[in-house]
Amino acid sequence: MQGTILVIDGVSTNRIVLKVQLTAACFQVLQADSLSAAMALMKDNRPDLVLTAMSLPDGDAADVKRALDRMQHGAGVPVIALSANNDRGPRIMALSAGIDEVLPQPVDDMILQARIRSLLRMRMQEDDLHLREDGVAAFVMAPKDATGGQISQSDASVALVCHDLQTAHKWKARLGASVGYSLRAYNVDAIQDLMRTPVPDVIVIELNEQSAGMALRLLADLRARISTRDSVVIAVPNPADAGIAAEALDRGAHDVLHCGFQVDELALRINTQLQHQHRAEMIRNNLRDGYRAAMRDPMTGLYNRRYARPFLEQVTQDAQCAGSNFAVMVADLDHFKHINDAHGHPVGDAVLIEAARRLQAELRGCDLLARIGGEEFMLVLPNLRRDEVTTMANRLCRAINAAPFVVKGCAAPLDVTISIGAIVGGQGERQLSSEELFSAADRALYEAKNAGRNQAVIKGLPQSAAA
């Protein structure tokens, strides 16, 4: 089955016809003859989409939408309303109430099926984003609220792409009286101009009899390109054409004006789609922030152990493939406990932050510096020979001990030193796990500590690890 659709209609004949249509398309169909019956059914069932009559014995489509939003597993479920009369006023009111689509009865099966597919795709994408957001929230602090406010019209841009530039400018003039978005007019073959940065937030494409083929190809192209894949695409068959509207939806249009160009409806659909886009972007930002927080040490800003281990695994694999060497270092600030005990943890934290800054300043762009606990750091350095590793380790020691640390809250500058253990691996050697490499570097660190600290000990891989 493609999904579950709840059909709500007080007329049994309408329910039967819709069930036949939807079952033929491999949907599971639930039926209710009223709003109250539908809500009772929803207690034990979660439909993927609701298809409701505009008017019900105990309410209307807007009441269905409000009731769904109040239910824990109903919010966000797409709603299509079927209207006995194709009147513009009631359709606009329904769309304003949050109904995703309003179609006239008798409903055209082609446009109904295409609209269902389109809304279910959008729903699955949103569910996927929320699922990943929930996964990130499980191991980091709760992300910023992703419900989002209203996007300012002055912050969004809309491109109007028509068969000819004259029509595009006419649409721009008519739409400009209703919205505050930045509007731009384009000819359908001016794709290079359309792709120029910044790309529009919304792209409205006219599909008329002369340019429908070119416009549909453009629509598919826009949805496939990296630069425009997050732009909202709204198709406008002009004049209305159910077949072209259905094909536009199947080619990836986010929305379609199946009744042709109408200013008030287009303005409403643009606004609704921008709100969807805004919420999705907030969730994506939360995901990026969440993943970043999960992989970063909040105090120093360095990567943490969770990130460093997979990075090291990748470096070892790359070294084996390229026949190059690499180094793994474990570094530890000497007598750090004494700093904390004598001056307090705020001073100790400041020392760690400055030490991280000094170490990072010595590294190349391809190198990794991570804080892996307390005063301990891990470094992964690709493409370094043994002599270069020695030079780098000595530079890192000097970066710490060459100048005292001037720390707020501490009366006198602090002399700080660091000990480093390094392992050189790579060409001609058996690939070790990150844990084995870390352990070998840690043993070299203890040698540096036992030899008097403030120095580096560089080792090759243990003999047991040789190829």
Side-chain angles (χ1 to χ4, degrees), residues 1-10 15 18-19 21-23 25-82 94-103 112-113 115-150 254-255 272-273 275-287 290:
M1 289 291 176
Q2 292 191 46
T4 301
I5 296 178
L6 171 59
V7 175
I8 314 172
D9 198 312
R15 295 197 305 272
L18 288 170
K19 182 175 182 179
Q21 287 179 280
L22 297 170
T23 302
C26 298
F27 290 106
Q28 180 181 356
V29 180
L30 305 174
Q31 298 182 73
D33 59 5
S34 65
L35 173 58
S36 56
M39 293 305 104
L41 195 60
M42 284 275 289
K43 291 179 180 178
D44 300 315
N45 299 275
R46 183 185 184 276
D48 298 297
L49 183 141
V50 172
L51 190 57
T52 179
M54 185 75 87
S55 179
L56 298 169
D58 54 352
D60 58 21
D63 293 325
V64 172
K65 176 63 177 175
R66 284 189 287 268
L68 285 171
D69 288 344
R70 289 194 295 267
M71 301 182 71
Q72 182 178 1
H73 58 286
V77 172
V79 178
I80 297 177
L82 300 181
L95 292 171
S96 299
I99 305 298
D100 294 278
E101 184 59 276
V102 180
L103 297 174
L112 174 63
Q113 298 287 355
R115 201 66 181 103
I116 290 173
R117 288 192 294 268
S118 172
L119 288 170
L120 289 181
R121 280 198 306 270
M122 291 176 63
R123 176 64 174 170
M124 285 187 289
Q125 291 168 358
E126 290 179 2
D127 285 347
D128 183 54
L129 276 176
H130 282 294
L131 184 63
R132 283 186 281 161
E133 185 182 36
D134 291 343
V136 169
F139 56 88
V140 295
M141 293 178 61
K144 299 185 291 292
D145 174 50
T147 57
Q150 296 294 307
H254 295 83
D255 209 344
T272 299
Q273 289 298 326
Q275 299 309 320
H276 285 309
Q277 182 197 55
H278 182 55
R279 286 193 293 271
E281 183 60 29
M282 289 188 70
I283 294 173
R284 283 192 287 268
N285 288 339
N286 284 338
L287 284 169

**Request:** Assess whether side-chain contact (heavy atoms from CB on, under 4.5 Å) is satisfied between D48 and R123, documenting all intermediate values.
**Result:** CA-CA 8 Å; D48 298 297; R123 176 64 174 170; 5.9 Å; no
**Message:** Can you list everything that forms a salt bridge (charged side-chain N to carboxylate O under 4.0 Å, His left out) with D100? Sequence neighbours excluded, please.
**Reply:** none
**Asked** Any side-chain heavy atom of L95 within less than 4.5 Å of one from T272?
**Response** no
**Message:** Quick one, L51 and L112 - any side-chain contact, counting heavy atoms below 4.5 Å?
**Reply:** yes
**Item:** Pairs touching residues 63-75 that satisfy salt bridge (charged side-chain N to carboxylate O under 4.0 Å, His left out), sequence neighbours left out
**Value:** D63-R66, K65-D69
For residues 34-41, tabulate all N or O donor-acceptor pairs below 3.5 Å that involve a side-chain atom, not counting sequence neighbours.
unit_1 : atom_1 : unit_2 : atom_2 : d
S34    : OG     : S36    : OG     : 3.2
S34    : OG     : A37    : N      : 3.2
S36    : OG     : D58    : OD2    : 3.2

**Item:** Closest non-hydrogen atom pair between G74 and M42, with its separation
**Value:** CA-CE, 4.1 Å
**Fill in**
Heavy atoms of A61 and T52 approach each other most closely as CB-CG2, 4.0 Å
**Asked** Would a 4.5 Å heavy-atom cut-off, applied to side chains only, mark V50 and I8 as touching?
**Response** yes
**Request:** Quick one: list whatever passes side-chain contact (heavy atoms from CB on, under 4.5 Å) with A25, sequence neighbours left out.
**Result:** F27, Q113
**Request:** Not counting sequence neighbours, which residues clear side-chain contact (heavy atoms from CB on, under 4.5 Å) with A53? List them please.
**Result:** D9, L56
**Request:** For the residue pair L119 and I80, establish whether any side-chain heavy-atom pair is separated by less than 4.5 Å.
**Result:** yes
**Request:** Taking all heavy atoms of V29 and all of Q31, pick out the closest pair and write down the distance.
**Result:** CG1-CG, 4.1 Å
**Asked** Taking only residues two or more places apart in sequence, or in another chain, which ones meet Q273 in a side-chain contact (heavy atoms from CB on, under 4.5 Å)?
**Response** M122, V232, I234, H254, D255, H276
**Message:** Quick check: do D60 and M54 have side-chain heavy atoms less than 4.5 Å from each other?
**Reply:** no
**Prompt:** Taking atom CG of L30 and atom CZ of R46, what is their separation to the nearest 0.5 Å?
**Reply:** 12.5 Å
**Request:** Would you give the length of the straight line joining atom CG of L6 to atom CD of Q28, rounded to the nearest 0.5 angstrom?
**Result:** 11.0 Å
**Prompt:** Backbone N or O of V7 within a donor-acceptor pair of the R15 side chain at under 3.5 Å?
**Reply:** no
**Asked** Taking C-beta and beyond as the side chain, do T4 and L49 meet within less than 4.5 Å on heavy atoms?
**Response** no
